[in-house]
Amino acid sequence: VFFFFKQKTAYEIYQCDWSSDVCSSDLSVRIGTVEALKKMGPGVVPSLIEAMGNDSARIRHGAVLVIDGLGTDAAEAAPKLIAALQDPDPDVRKGAMAALPKVSPEATKDAVPTLIEALDDEDSEIQFGAAQALGRVGPDAETAVSKLFAVMERGDFLVRPAASQSLAQIGPGAVSVLIDGVKHQDAEVRLASVRALEKIGPKAPDAVGVLIGALSDEEVQVRRASLSAIGRIGPEAKEAVPAVVKIVKEDEDEFFRIDAIAILGQIGARGPEVYHTLLVLIPDKNDEMRIRAATVLGSLKSDADEIVPLL
């Protein structure tokens, strides 16, 4: 099968000095060459590994892009990708960070110390790439937790969500740091911390207490995210039931109240106070409020003996 681009087939690109096309001043030629090489499969990997040692940053970058596209078929290039994480050219470093987890998730674990160092890079895109790569490592990147949190504190609109996501992917090992984050003076850090805890969900029961406090945060987004996080934690968040019931009964924001009703269902809240709170809403003038209350009550059919006397 031939892949034509600028009158060259993929085979011709491979047989000739393809590096000259990767270095072309014509962007379309560079992109076409990279795409053609990807389609040639694992057979091109030895040449790509060799190209990663080239003096030209553009050739090194092109080779990394092709390796990225080959994924696990280019696993033998993992050591070169790890070395490329410290390449003097920022584009090569970014490309290596993106490619390494796709090529060899196992080898990415060996790169954790280098990726942690990259979180201090002056280039925010490199910080972003390092945070993403650490997140893909998951719990084995727990040594990166404190640095990721520091990045989340100082990060911009690009880096902060990536650091938050990475902490969520690391999971329970990040919970204690995120609990501190929920109490941070910066609302953006509080929000990013709560969202990470929400993603960790049932594995973050230790965060329930601080999330209850955050239901009264001055920032609406933090309050909403905290309520959602409590719901994601589920039955382990039963200590939050009184606070959630209070929202259903008293909060001025109807949408927040409606969300809180659903959270009572996710927690599996029970007891006379919960039943009464929901029953009162059945005749409510707000359709969504009635539907949510009826839905949660319907999920408590096994408690009918306790609910019926309250009607």
Side-chain angles (χ1 to χ4, degrees), residues 152-153 157 160-161 164-165 167-168 175 178-202 204-301 303 306-311:
M152 196 171 75
E153 282 187 291
F157 71 95
R160 180 171 283 144
S164 173
Q165 174 66 23
L167 288 166
V175 169
L178 292 168
I179 287 173
D180 290 338
V182 178
K183 298 178 281 190
H184 201 278
Q185 60 182 4
D186 186 331
E188 291 296 328
V189 176
R190 296 199 301 275
L191 180 59
S193 299
V194 171
R195 284 178 171 164
L197 288 167
E198 179 184 1
K199 290 169 185 169
I200 295 172
D206 291 346
V208 174
V210 75
L211 290 170
I212 291 171
L215 292 173
S216 303
D217 195 277
E218 61 187 18
E219 293 293 329
V220 174
Q221 283 186 300
V222 175
R223 292 201 300 274
R224 288 187 176 282
S226 298
L227 183 63
S228 182
I230 286 169
R232 283 276 294 120
I233 291 171
E236 292 295 317
K238 280 193 169 61
E239 68 179 278
V241 169
V244 178
V245 166
K246 184 177 180 182
I247 291 170
V248 175
K249 284 182 170 183
E250 302 176 9
D251 204 90
E252 296 178 359
D253 184 338
E254 282 202 340
F255 294 107
F256 197 36
R257 291 175 64 206
I258 289 169
D259 288 343
I261 294 169
I263 297 306
L264 288 174
Q266 290 178 39
I267 294 173
R270 284 174 160 75
E273 180 73 7
V274 174
Y275 308 144
H276 184 268
T277 299
L278 295 172
L279 286 168
V280 166
L281 296 173
I282 297 300
D284 196 272
K285 62 183 179 180
N286 185 307
D287 290 343
E288 186 64 25
M289 197 87 73
R290 291 200 307 272
I291 292 168
R292 287 285 179 92
T295 300
V296 174
L297 281 169
S299 71
L300 301 173
K301 288 183 288 187
D303 296 350
E306 295 181 56
I307 296 172
V308 171
L310 297 172
L311 293 172

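Remember, predicted model here, so these are calculated numbers, not experimental data. In this chain, residues are counted from 1 in sequence order.
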Residue list, side-chain contact (heavy atoms from CB on, under 4.5 Å) with Ile282, at least two apart or on another chain
Ala293, Ala294, Leu297
Taking only residues two or more places apart in sequence or in another chain, which ones pass side-chain contact (heavy atoms from CB on, under 4.5 Å) with Arg232?
Glu198, Pro202
Atom pair CD (Gln221) and OG (Ser226), whose distance is rounded to the nearest 0.5 Å
11.5 Å
Mind checking whether Thr295 and Ile291 have side chains closer than 4.5 Å, heavy atoms only?
yes
In chain order, what residues pass the salt bridge (charged side-chain N to carboxylate O under 4.0 Å, His left out) check against Glu219, with sequence neighbours excluded?
none
Contact list for residues 233-249, test salt bridge (Lys or Arg N to Asp or Glu O under 4.0 Å), sequence neighbours left out
Lys249-Glu273
Contact list for residues 206-217, test side-chain hydrogen bond (donor to acceptor under 3.5 Å, both in side chains), sequence neighbours left out:
Arg190-Asp217
Would you say Ser164's side chain and Arg160's backbone share a donor-acceptor pair under 3.5 angstrom?
no
Working to the nearest 0.5 Å, report the span between CG of Leu197 and CG of Leu178.
4.5 Å
State whether the side chain of Arg290 and the backbone N or O of Leu281 hold a donor-acceptor pair below 3.5 Å, judged by distance alone.
no
Check: residues 253-262 side-chain donor-acceptor pairs under 3.5 Å, at least two apart:
| from | atom 1 | to | atom 2 | distance (Å) |
| --- | --- | --- | --- | --- |
| Asp253 | OD1 | Phe255 | N | 2.9 |
| Asp253 | OD1 | Phe256 | N | 3.2 |
| Asp253 | OD2 | Arg224 | NH2 | 2.9 |
| Glu254 | OE1 | Asn286 | ND2 | 2.8 |
| Arg257 | NE | Val248 | O | 2.7 |
| Arg257 | NH2 | Val248 | O | 3.2 |
| Asp259 | OD2 | Arg224 | NH1 | 3.1 |

Under the side-chain contact (heavy atoms from CB on, under 4.5 Å) test, which residues partner Gln266, sequence neighbours left out?
Ile263
